[in-house]
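In the text below, chain A, chain B and the rest are named by the order of the sequence lines, each starting its count at 1.
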2 protein chains.
Amino acid sequence: MSDVARRAGVSRATASYVLNRTPGARIPEQTRARVLEAAEQLRYVPHVNARSLRRGRSDLVVGHVDGASVLRQGLSFVGLIQVARDIREAGYTFLFHGDPTVTGVAAARSWLALRPAAVLATLDRYTEESVAMITAAGTVPIAMSHTPSDLTPTIVLDDGPLGRAAAEHLLGRGCRRIVALGGCPGMADQHMLGHRMAEAVAAARAGGAEARQVPFSPGREAATGLVGSWLAEGTLPDGVVGATTTHAAHVLTALVDAGVRVPQDVAVLAADDEPLAELVRPRLTTVGADLDVGEARMGAAVLAAIDGRWDPDLAVRRFPARMVVRETA
Amino acid sequence: MSDVARRAGVSRATASYVLNRTPGARIPEQTRARVLEAAEQLRYVPHVNARSLRRGRSDLVVGHVDGASVLRQGLSFVGLIQVARDIREAGYTFLFHGDPTVTGVAAARSWLALRPAAVLATLDRYTEESVAMITAAGTVPIAMSHTPSDLTPTIVLDDGPLGRAAAEHLLGRGCRRIVALGGCPGMADQHMLGHRMAEAVAAARAGGAEARQVPFSPGREAATGLVGSWLAEGTLPDGVVGATTTHAAHVLTALVDAGVRVPQDVAVLAADDEPLAELVRPRLTTVGADLDVGEARMGAAVLAAIDGRWDPDLAVRRFPARMVVRETA
DNA sequence: CTGAAAGCGCTTACAG
DNA sequence: CTGAAAGCGCTTACAG
């Protein structure tokens, strides 16, 4: 900026005023133009770190996401992309911190080294201690989860309705022995998929069916093994909900290969809706999430949190379920 | 840091020396311990911006990736994750800038505002002007592409062998009219998929077959339409290479639905290997990329570039092809 | 061995 | 309307 000021023949203060369009400052049009031209010629790019160091507040928002989350928590990743856009439009700098290895206090340390205005991460990266530490540093910790939390302001992306709708569809077909496939039972608070399947189990039981959640990581052997054990033990369910289309497709394929009739013997459906559903035979019945992410404007919740105007009501996004009935249920 | 120094009863300089383990400084063990304890009690986190402002060099490396790239350029995303890990292990801070809307000079401006040591982005985000601008600012611009470039140091992730292997497999089966499906013809320099399919076409032609690249964006209607037009016009190929498993699966499904026999009438295979291949019937023959990303150590190339020791040989990763013959070719 | 001081690139109250 | 000056949190040559 010194170079710009020198070239324009003004002081650094004046250059700063025109480059920042500082409200109070009345700079004659001619001076303004000279500064702007000098900045243009020198390709001046302001140094955001120096600025925030001086101002005492940062315009940086750090989002923490990793490859595993992308796969495991698709919905929250989609949400994060949208949040990032909203936040950038409000004039903040949004950067992703992608180190998958850190959580809790270690994560807090690496975020705080950047002195951001706020940090946005899935709930499982926070602990009580790390939230205290982040808050003490003047940074706003914001979480994303499928369920509200007392720990810190949390953007709720609730995909429970997808699991419930899937279970209710099976109940409507007369299924009484239902398996919810995927996520870790008892870890509903940790993983989106766990929550979705827990909700499916709850809905199935509420409808008078027998239901249990079975952990499953999609793959050919896992699916063949699972179906094999059902047949060997005589515990074949009459309805299966897969946490994702991929989960459901693997079991469907293994069932068909084992000679089980779908949907006559076992109905299968997925609690989400990926294109894969059209590619398997019989075609998979799915539950689509009817939320237009573009309209969600979740960034508004984050911006409110930064400004100390956190409003939990602004931060809840429930994914409305829409049945896509094909051939398997 | 002032707080830490005060609490430990030393000057800020001394605190800085022990906290940074500055080589030249000989600090008595007792003083060291006092400073460390104070830092611990106060949960001191160094302010990286202040540090790099003072030092005149930054330990930040910015990677630019967006959702669309993740889908379109899967390989380079996987590569980027690995690069990020290598760079972090070398003591740098690696952050992702995820704004999909900026390229060229606009992108350069938003990167340079952070004054990073280096920036890493797909080649198509750079222009001659932006490279000059970034270099002038003392930041090292590094690109990723499937092919070398003169513009700036480029990490080459060459997936051409996947396309070639696919075409050669079809040639070996006696196919003479081959379609390479996906990417944009003539845009081989822009997209990985385009490059992969261009290589497939080249290999097919080199083997004496007729071959052409057909743009295709995976989906049920697109596949049905494409197969329908082949049948109507009598232009059914005898071999199809899909740029990805998803591309191939859609065409496979549409062919089977239209009563075409696979592989007898048309052989189909994918120039990558996703789990989906096992889920469709007949099972898709694929080409796996036999590169252990963990062993690629692409970060070494980036680190070399930062240190002004760029070595193109270090930066080329060719994906070795491994045929996974299933039922469709 | 330790501290006082300068300075990285900025912003902003203050004085002229 | 414009400039001199202080100061954000740090590092590091320099003097004691």
Side-chain angles (χ1 to χ4, degrees), chain A residues 1-36 38-39 42-60 91 93 109 112-117 136-139, chain B residues 1-36 38-39 42-60 91 93 109 112-117 136-139:
Chain A
M1 211 176 73
S2 295
D3 297 340
V4 173
R6 194 176 315 116
R7 186 173 189 119
V10 300
S11 72
R12 291 152 56 216
T14 305
S16 173
Y17 288 139
V18 354
L19 259 12
N20 289 311
R21 299 181 197 76
T22 309
R26 302 278 74 194
I27 312 282
E29 189 48 47
Q30 225 193 37
T31 311
R32 250 177 57 78
R34 277 214 318 281
V35 172
L36 257 16
L42 295 173
R43 294 178 177 297
Y44 171 71
V45 177
H47 190 312
V48 298
N49 293 343
R51 168 181 296 173
S52 57
L53 186 59
R54 167 61 229 227
R55 280 198 178 151
R57 63 198 156 74
S58 159
D59 70 347
L60 175 66
T93 301
R109 291 184 66 87
L112 291 182
L114 302 165
R115 298 292 193 279
T139 292
Chain B
M1 210 176 73
S2 295
D3 298 339
V4 173
R6 195 176 315 117
R7 185 173 189 119
V10 300
S11 73
R12 288 152 59 216
T14 305
S16 173
Y17 288 138
V18 354
L19 259 13
N20 290 311
R21 298 182 197 75
T22 310
R26 301 278 76 194
I27 311 283
E29 188 49 46
Q30 225 193 35
T31 311
R32 252 178 55 79
R34 276 214 317 279
V35 172
L36 259 15
L42 296 173
R43 293 179 178 297
Y44 171 70
V45 178
H47 190 313
V48 298
N49 293 344
R51 168 180 297 172
S52 56
L53 185 60
R54 166 62 227 230
R55 281 197 178 152
R57 63 197 157 74
S58 157
D59 70 346
L60 175 66
T93 301
R109 290 184 67 88
L112 291 182
L114 302 165
R115 297 291 193 279
T139 292

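- Distance A/R115 CZ to D/dC8 P: 14 Å, rounded to the nearest Å.
- For the pair A/R21 CZ and C/dT12 P, the interatomic distance rounds to 15 Å; values are reported in whole Å.
- Between A/N49 and the phosphate of C/dG9, there is no side-chain N or O to OP1/OP2 separation shorter than 4.0 Å.
- Close to C/dT2, at under 4.0 Å from its OP1 or OP2, lies a side-chain N or O of B/T31.
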*Give the C-alpha distance, both sets of side-chain angles, the deciding distance and a yes or no for side chain to side chain contact (heavy atoms under 4.5 Å, CB included) between A/L53 and B/H47.*
CA-CA 9 Å; A/L53 186 59; B/H47 190 313; 3.9 Å; yes

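- Per the geometry, OH belonging to B/Y44 stands 7 Å off C1' belonging to D/dC10, to the nearest Å.
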Base-pair string, DNA chain C, Watson-Crick plus G-U, cut-off 3.5 Å on both distances, | for inter-strand, is |||.||||||||.|||

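- Judged purely by atom type and a 3.5 angstrom limit, B/T139 uses its side chain to pair as donor or acceptor with the backbone of B/P116.
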Show the distances under 3.5 angstrom between N or O atoms of the protein and N or O atoms of nucleotides 3-7 of chain D.
unit_1, atom_1, unit_2, atom_2, d
D/dG3, OP2, A/S11, N, 2.8
D/dG3, OP2, A/S11, OG, 3.2
D/dG3, OP2, A/T14, OG1, 3.2
D/dG7, N2, A/R54, NH1, 3.4

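- Of all nucleotides listed (C/dG9, D/dG9, D/dC1), D/dC1 comes nearest to the side chain of A/P28.
- Atoms CZ (B/R6) and P (C/dT2) sit 19 Å apart, rounded to a whole Å.
- A 4.5 Å side-chain heavy-atom check between A/R12 and A/S16 finds every atom pair outside the cut-off.
- Among all heavy-atom pairs drawn from B/V45 and A/L112, the shortest one is CG1-C, 4.0 Å.
- Along DNA chain C, the nucleotide nearest to B/L53 and the one nearest to B/I27 differ in position, and the one closer to the 5' end is contacted by B/I27.
- As a whole-Å value, the separation of A/D59 CG from C/dT11 P is 11 Å.
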**Prompt:** Can you check side chain to side chain contact (heavy atoms under 4.5 Å, CB included) on A/L36 and A/V18, steps first, answer last?
**Reply:** CA-CA 8 Å; A/L36 257 16; A/V18 354; 3.7 Å; yes

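- As a whole-Å value, the separation of A/R55 CZ from C/dA13 P is 11 Å.
- Across the protein-nucleic acid pair, A/R51 atom CZ and C/dT11 atom C1' stand 9 Å apart, rounded to whole Å.
- To the nearest angstrom, C1' of D/dT11 lies 10 Å from CZ of B/R57.
- Closest approach of A/R115 to A/S58, counting heavy atoms only: O-CB, 3.0 Å.
- Side-chain N/O atoms of A/R26 include none lying less than 4.0 angstrom from OP1 or OP2 on D/dC1.
- Remark: B/R51 pairs with B/N20, B/P46, B/R55 by the side chain to side chain contact (heavy atoms under 4.5 Å, CB included) rule, at least two apart or across chains.
- The structure places CZ of B/R109 at 9.5 Å from OH of A/Y44, a figure rounded to the nearest 0.5 Å.
- Residue B/R57 comes nearest to B/S52 through the heavy atom pair O-CB, 3.2 Å, listed as atom of the first residue, atom of the second, then distance.
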